[in-house]
Amino acid sequence: MQIRKLGYTDLKLTTVGLGTWAIGGPWQWGWGPQDDDEAIAAILASLDAGINWIDTAAVYGLGHSEELVGEALKKASHKPIIATKCSLLWNDKKEKVSCLKAESIRRECHDSLKRLGIETIDLYQIHWPEPEEDIEQAWEEMAKLAKEGKIRYLGVSNFSVEQIKRLQKIHPVASLQPPYSMLHRDVEDELLAYCAQNEISVVAYSPMQRGLLTGKFSPERLASLPLDDHRRKSSDFHEPQFTATLELVEKLRPIAERNGRTLAQLSISWVLRRPEVTAAIVGARKPEQILETAPASDWDLNEEDIEQIEQLLIEHQAKL
Ligand SMILES: NC(=O)c1ccc[n+]([C@@H]2O[C@H](COP(=O)([O-])OP(=O)(O)OC[C@H]3O[C@@H](n4cnc5c(N)ncnc54)[C@H](OP(=O)(O)O)[C@@H]3O)[C@@H](O)[C@H]2O)c1
């Protein structure tokens, strides 16, 4: 698998990382029922396929995703790089709450280390910049935790350029984790260039737009999603976007096929075509899924394919 360096750090990441949101199981922003054994098998399969890093977060499954990663690490023959996130917590009613207070960040870090069963988090990321006035306070505490050896590098997710600049004055930002897929390209406006100029890695999330770009979605599949699958709430899965995206996917299919590849791989390799992107974080709920998507790391799209996809995306945008 191809490797790219994480920002200014000495970490070298495979360009496909494993995302573990969905495997956390049901909660307010869950993906419906999830079998734990299948989740652990997916994590181990990703490592066997050559993936060398895993992205998780405290809030995924309200701690359960981190616990499953911890379980898998006990069984793994080699240890991957571990990235997790703070700032999203849950209350007694299991509702998501945001907090960037120093004492909360410290407590979260200790809880995550315990669930993961590790001594040091390789990459600790602020999940969302909310409440915005507390981002410096959280970052200062994370820098202290790094000095204490609890964290190796500090990253952010869902931040703007202005917010990143505020943190850079305190401690270097190693990475930004933004959404990036054929359907959501805002990051191309200024974040990619800013990050490249400042040795900040971009690790892109939801490259397959939560499964929508894999070619395996249909109106029937959407109708059969469990009622507690958060995708039911997402505008990408509502009209007119949903039907327009299925039409786009059918136009992309021949491009994948003539390369002997799948649509899931095409959506990931498309994200990786940008040199400013260090890696794509790819979600999987069972081993077969990550075994299909991991090889996207080794596929460099050619100029002709990139140009044809660009035309299709312009047409797609014009429709909406
Ligand atoms: N920082 C943030 O705010 C943030 C936000 C979102 C995501 N993330 C991170 O990024 C990771 C990836 O993003 P994501 O999980 O939202 O989206 P994604 O990677 O675009 O899609 C993952 C989903 O697609 C489906 N899938 C996976 N492989 C497939 C295959 N080979 N064929 C068909 N379907 C397949 C699975 O769902 P089904 O099988 O149920 O369809 C899977 O859960 C997350 O796990 C998380 O670590 C971070």
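Each residue takes its place number in the sequence, starting with 1. Small disclaimer: the values here were computed from a predicted structure and weren't measured. Whatever order the structure lists ligands and atoms in, that order sets their numbers, starting from 1.
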Contacts satisfying side chain to side chain donor-acceptor pair (under 3.5 Å) that involve residues 42-55 (not counting sequence neighbours) are Thr14-Asn52, Asp55-Lys85, Asp55-Gln125, Asp55-Gln177
When you look for protein heavy atoms under 4.0 Å from ligand 1, which residues do they belong to? Gly19, Thr20, Trp21, Ala22, Trp31, Asp55, Tyr60, Lys85, His127, Trp128, Ser157, Asn158, Gln177, Tyr205, Ser206, Pro207, Met208, Gln209, Arg210, Gly211, Thr214, Lys216, Arg221, Arg231, Ile281, Val282, Gly283, Arg285, Gln289, Glu292, Thr293
Any salt bridge (charged side-chain N to carboxylate O under 4.0 Å, His left out) pairs touching residues 308-320, not counting sequence neighbours? Arg185-Glu310, Glu247-Lys319
Is the shortest distance from a Lys or Arg side-chain nitrogen in Asp10 or Arg152 to a carboxylate oxygen in the other one below 4.0 Å? yes
So does Lys101 pair up with Asp134, basic N to acidic O under 4.0 Å? yes
Report the residues that fulfil side chain to side chain contact (heavy atoms under 4.5 Å, CB included) with Thr9, sequence neighbours left out, ordered by chain and then residue number. Leu6, Leu11, Tyr153, Ala174
Can you tell me if Ser65 uses its side chain to pair, donor with acceptor, with the backbone of Gly61 under 3.5 Å? no
